[in-house]
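Accompanying notes for the structure given below.
To find a chain, count down the sequence lines: A is the first, B the second, and so on, and within it residues start at 1. In what follows, every heavy atom counts, from backbone to side chain, and hydrogens, waters and symmetry copies are set aside.
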Number of protein chains: 2
Amino acid sequence: MKLENALLTNKFSSEAQKATLNILYTAWWLKSITSKELKDFDLTHEQYNVLRILKGKYPDELCVKDIARRMIEKSSNVPRIIDRLEIKKLVKRTVSESDKRETLITITKSGLSILESSTSKLNKVHASIQTITQKEAEQLNCLLEKLRATEV
Amino acid sequence: MKLENALLTNKFSSEAQKATLNILYTAWWLKSITSKELKDFDLTHEQYNVLRILKGKYPDELCVKDIARRMIEKSSNVPRIIDRLEIKKLVKRTVSESDKRETLITITKSGLSILESSTSKLNKVHASIQTITQKEAEQLNCLLEKLRATEV
DNA sequence: TTATTTTATATGTATATACACCTATTGATT
DNA sequence: AATCAATAGGTGTATATACATATAAAATAA
């Protein structure tokens, strides 16, 4: 869908400003198409993100700060997201022996299992709405990374 | 910055999946570089978004539902965002005469003034980190719209 | 060693998202 | 007209963002 129709406006001050709004809107769009599927597993995007990060290092543990560094949204409050996952017994907390300030997080069998089912479901959804070619995806990745060239 | 460095991983199942994460991360990045500026005006991104929408139709009023339709994030709780803006006297609520279910929202002089100053500040920030050409921005817009081709 | 600074995590607060549900009003149906 | 359904906006709840602050442990400096 054209951005003009998504936002009901055509007042863009430049192509670059339109691109900014287009990225923000597309990010919302991407989240919204998968949130229903995640809800079926009683997971939020952020909880799913944490589980995915933990699986990447499994069976190694990760401390809270190392999870935070890998989050898509860096301002995520990781301890609180872990609280919810811990209640559902999808992760386990232990205090690090080598540095008692650190809390080590491990994904449980149950966490791995729910991650596998939900990932499989999300992959199907993404495959079903796939409209761009691999070449176009590469191009998109290049443009986004060029956009973020300025370090802030 | 490369996405690999932003998320400290290189486990992407495809270019398309990487593009998905790249869009989500870039959206967060774009918000984060302007949130400090907005904070100086005691505005959140969503409050700014509502003011911008209202200015687009000024001096006409807009009802809550018409604002919601123009929001970047369609799941925004517009009545609550308007609550905060009303407390700060940046917008005004009136009940519609023609349909008493509707609440009409108008941006105040004070709202217009704060919108102008903050927009000017945001434009400066965006200009200072501008790294892509107009042609690249156009290309980016095309790719994002192609990505969203599937109606959901 | 003691004091200071830094680091890791947790907690507090305001606002937002996401979604369910309630209430009042309008429009349609019988 | 009375009933029912649809619509608009407001409210409630759980979780998240964004950011400030607190607390405990570790690293460094005095």
T44(A) vs dT15(D): side-chain N/O to OP1/OP2 distance below 4.0 Å: no
Listed nucleotide nearest any side-chain atom of C63(B), set dT13(D), dG12(C), dG9(D): dG9(D)
Phosphate OP1/OP2 of dG10(D) contacted by T103(B) side-chain N/O (<4.0 Å): yes
Touch class at under 4.0 angstrom, heavy-atom based, for S35(A) against every strand present: sugar-phosphate
Residue whose nearest DNA chain D nucleotide is more 5′ - S96(A) or I81(A): I81(A)
Polar side-chain contact R84(B)-dT15(C) base: donor and acceptor under 3.5 Å: no
Proximity to the side chain of Q47(B) - top-ranked nucleotide from dT25(C), dT15(C), dT9(C): dT15(C)
Ion pair E102(A)/R93(A), N-O distance below 4.0 Å: no
Sugar-phosphate, base or nothing in reach of D99(B), heavy atoms under 4.0 Å: sugar-phosphate
Nearest to side-chain heavy atoms of R101(A), which nucleotide of dA16(D), dT17(C), dA24(D): dA24(D)
Short side-chain N/O contact to dA16(D) OP1/OP2 from S76(A), under 4.0 Å: no
R93(A) vs dT9(C): side-chain N/O to OP1/OP2 distance below 4.0 Å: no
Spatial distance of atom NZ (K74(A)) from atom OH (Y25(B)) [nearest 0.5 Å]: 6.0 Å
K65(B) side-chain N/O to dA8(D) phosphate OP1/OP2 under 4.0 Å: yes
Among dT17(D), dT9(C), dT15(C), the nucleotide that comes nearest once only the side chain of E102(A) is considered: dT9(C)
Nearest listed nucleotide, side chain of K100(B), among dT26(C), dA16(D), dT17(C): dT26(C)
Side-chain H-bond candidate by donor/acceptor type, Y48(B) with T34(B), under 3.5 Å: no
Which atom of T150(B) lies closest to which atom of I129(A), heavy atoms considered: OG1-O, 3.3 Å
